[in-house]
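Contents: one structure, followed by commentary.
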Amino acid sequence: MATGQKSTRLLFEKLNRQLTKLAAKPAPNSVHRFRTSGRRLEVVLTELAPNPGRNGKKLLKLLARLRRKAGRVRDLDVQVALLRSLKMPEGARHKSQLLQALMEERIQKEKKVAQAFDKETVRELRTRLKRAASESDIRESEAWDQARSMLTKLERQTEPLTEKVLHQYRIVGKRARYLAELADKNPEAERLVDQLKIMQDALGEWHDWLKLTQRAANSFSGVSGSPLVSALRNLTRAKFRHAGMALTEARSAFSSKRPSAIEVASDRKQTTPVSVIGTAA
């Protein structure tokens with residue numbers, strides 16, 4: 001790694017610290033921070049290191065596998081928290097049943113994460129991280145240009161928003177943000193990062209509610225008119241509309257133009273009651 005690249009070195013150091021905590025116990029904060037640190041490093045290595053080499057490729061493969069396992073635990077932690085925040089007496093029985101199922105599954109996934117981070121795997125990951133930190137030719141100076149290039153491609157897209165398209169924006173926006181954060185002391189990059197955080201929060205919130213809604217719908221597929229499923233669907237539609245507006249504002253900020261005409265796909269025949277929207281903390 002070239003000298004003077006403080007931001008990139010910190011990524012390697014932070015991932016090492018989170019690896020130690022996660023190997024000890026897959027607590028919610030440890031799982032989330034490992035995933036975030038791992039994803040940031042993956043973005044740096046794939047976007048800024050054109051020739052990762054054999055070690056870099058194996059490191060990326062190992063990080064992706066471990067991050068996916070940790071991600072399953074994180075998703076369950078989020079779904080449990082969202083479900084607990086939902087106040088609706090008429091759906092209390094289904095809420096309790098789903099909450100119990102999520103917590104039981106969380107215990108099983110936590111065991112799998114603990115097994116995945118065995119001593120041999122942790123040792124290999126540390127070795128590959130150390131080697132990549134010293135050998136990888138990471139072009140940190142290109143981070144800002146890469147981030148802007150990603151966002152330019154997003155700004156050019158004009159198709160109506162669907163769940164699939166919104167998810168694509170969520171992923172690309174996150175990668176662009178991680179790169180922009182490497183542009184140290186760049187006022188334009190700092191403003192961009194702030195805008196991306198706002199967009200990312202809205203898109204991430206919608207996606208988390210969507211996954212919980214899908215889980216509830218699958219759990220009670222044989223129940224006609226489940227109050228819990230109905231409330232979650234209404235709430236998820238509201239989050240989808242909010243995410244669409246956040247994306248429109250972000251794209252306007254990226255291009256310094258008026259917001260593009262984005263059609264948010266929603267079912268106009270069904271509205272979201274104020275009482276349901278207000279149930280989410």
Side-chain angles (χ1 to χ4, degrees), residues 11-43 45-46 55 57-86 91-132 167 170-171 174 178 204-223 226 228-229 232 236 280-281:
L11 288 179
F12 282 95
E13 294 171 5
K14 183 176 291 186
L15 185 57
N16 252 316
R17 290 196 299 270
Q18 298 308 325
L19 177 61
T20 300
K21 296 178 181 178
L22 188 59
K25 179 176 175 56
N29 285 341
S30 298
V31 171
H32 176 64
R33 289 170 182 167
F34 174 81
R35 288 180 66 252
T36 301
S37 298
R39 185 183 291 111
R40 287 176 186 274
L41 188 56
E42 286 181 64
V43 171
L45 291 176
T46 54
N55 177 71
K57 292 177 181 178
K58 287 185 175 293
L59 173 60
L60 286 170
K61 185 176 180 179
L62 182 57
L63 277 176
R65 178 170 64 84
L66 294 175
R67 182 172 55 77
R68 283 194 296 269
K69 288 184 177 295
R72 296 187 183 102
V73 175
R74 180 267 176 192
D75 289 344
L76 289 168
D77 287 332
V78 171
Q79 289 174 26
V80 166
L82 292 179
L83 193 57
R84 283 175 171 165
S85 74
L86 196 62
R93 184 169 63 86
H94 281 178
K95 174 184 173 181
S96 179
Q97 292 174 355
L98 182 55
L99 186 60
Q100 184 63 31
L102 291 174
M103 294 176 68
E104 290 176 357
E105 184 176 346
R106 206 278 183 191
I107 293 174
Q108 297 303 316
K109 297 298 183 184
E110 180 178 323
K111 291 179 180 179
K112 291 185 178 181
V113 169
Q115 293 171 356
F117 284 83
D118 58 73
K119 292 183 179 180
E120 183 178 346
T121 300
V122 171
R123 188 183 306 112
E124 179 187 357
L125 183 53
R126 290 192 189 283
T127 299
R128 295 198 180 282
L129 283 171
K130 183 177 181 180
R131 190 176 301 166
H167 181 64
R170 188 176 73 90
I171 298 301
K174 187 179 298 184
Y178 293 158
E205 186 178 18
W206 157 74
H207 189 258
D208 289 335
W209 281 106
L210 174 65
K211 301 303 289 185
L212 177 59
T213 301
Q214 292 173 341
R215 177 61 183 267
N218 290 334
S219 297
F220 305 110
S221 58
V223 180
S226 168
L228 176 62
V229 174
L232 287 174
T236 300

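On a predicted model such as this, the values are computed, not experimentally measured, just so you know.
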Contacts of type ring-ring contact (aromatic ring centres under 6.0 Å, His included), residue Y178, not counting sequence neighbours
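Here no residue qualifies.
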
Could you work out, with ring-ring contact (aromatic ring centres under 6.0 Å, His included) as the rule, every residue matching H207, not counting sequence neighbours?
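Once residues adjacent in sequence are excluded, the partners of H207 under the ring-ring contact (aromatic ring centres under 6.0 Å, His included) criterion are H167.
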
Within the side chain of [X], is there an N or O that forms a donor-acceptor pair under 3.5 Å with the backbone of [Y]?
X: T46; Y: V43; value: yes
X: S96; Y: A92; value: no
X: T36; Y: R33; value: no
X: K95; Y: L86; value: yes
X: T121; Y: F117; value: no

Steps toward side chain to side chain donor-acceptor pair (under 3.5 Å) verdict (Q108, E104)
CA-CA 7 Å; Q108 297 303 316; E104 290 176 357; over 6 Å; no

Which residue pairs pass the ring pair (Phe, Tyr, Trp, His ring centres under 6.0 Å) test when at least one of the two sits in residues 60-83, sequence neighbours left out?
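Sorted result for residues 60-83: empty, none.
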
Criterion side chain to side chain contact (heavy atoms under 4.5 Å, CB included) on E105 and R215, from CA distance to verdict
CA-CA 12 Å; E105 184 176 346; R215 177 61 183 267; 2.7 Å; yes

So, using salt bridge (charged side-chain N to carboxylate O under 4.0 Å, His left out) as the criterion, who are the partners of E124 when residues are at least two apart?
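Salt bridge (charged side-chain N to carboxylate O under 4.0 Å, His left out) check on E124 returns R128.
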
Quick one: [atom1] on [X] to [atom2] on [Y], what's the gap to the nearest 0.5 Å?
X: Q79; Y: W209; atom1: CD; atom2: CH2; value: 10.5 Å
X: L232; Y: L210; atom1: CG; atom2: CG; value: 10.5 Å
X: S37; Y: H32; atom1: OG; atom2: NE2; value: 9.0 Å
X: F12; Y: L45; atom1: CZ; atom2: CG; value: 5.0 Å
X: E42; Y: L15; atom1: CD; atom2: CG; value: 9.5 Å

For S226, check side-chain hydrogen bond (donor to acceptor under 3.5 Å, both in side chains) against everything at least two apart and list the hits.
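With neighbours one apart ignored, the set is H94.
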
Could I get the full list of side-chain hydrogen bond (donor to acceptor under 3.5 Å, both in side chains) partners for R35, not counting sequence neighbours?
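By the side-chain hydrogen bond (donor to acceptor under 3.5 Å, both in side chains) rule, R35 matches no residue at all.
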
Using side chain to side chain contact (heavy atoms under 4.5 Å, CB included), reason through K109 and V113 one step at a time and then give a plain yes or no.
CA-CA 6 Å; K109 297 298 183 184; V113 169; 5.5 Å; no

Residue pair Q97 / R93, side-chain heavy-atom distance below 4.5 Å:
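When only atoms from C-beta onward are counted, R93 and Q97 do touch, with a gap below 4.5 Å.
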
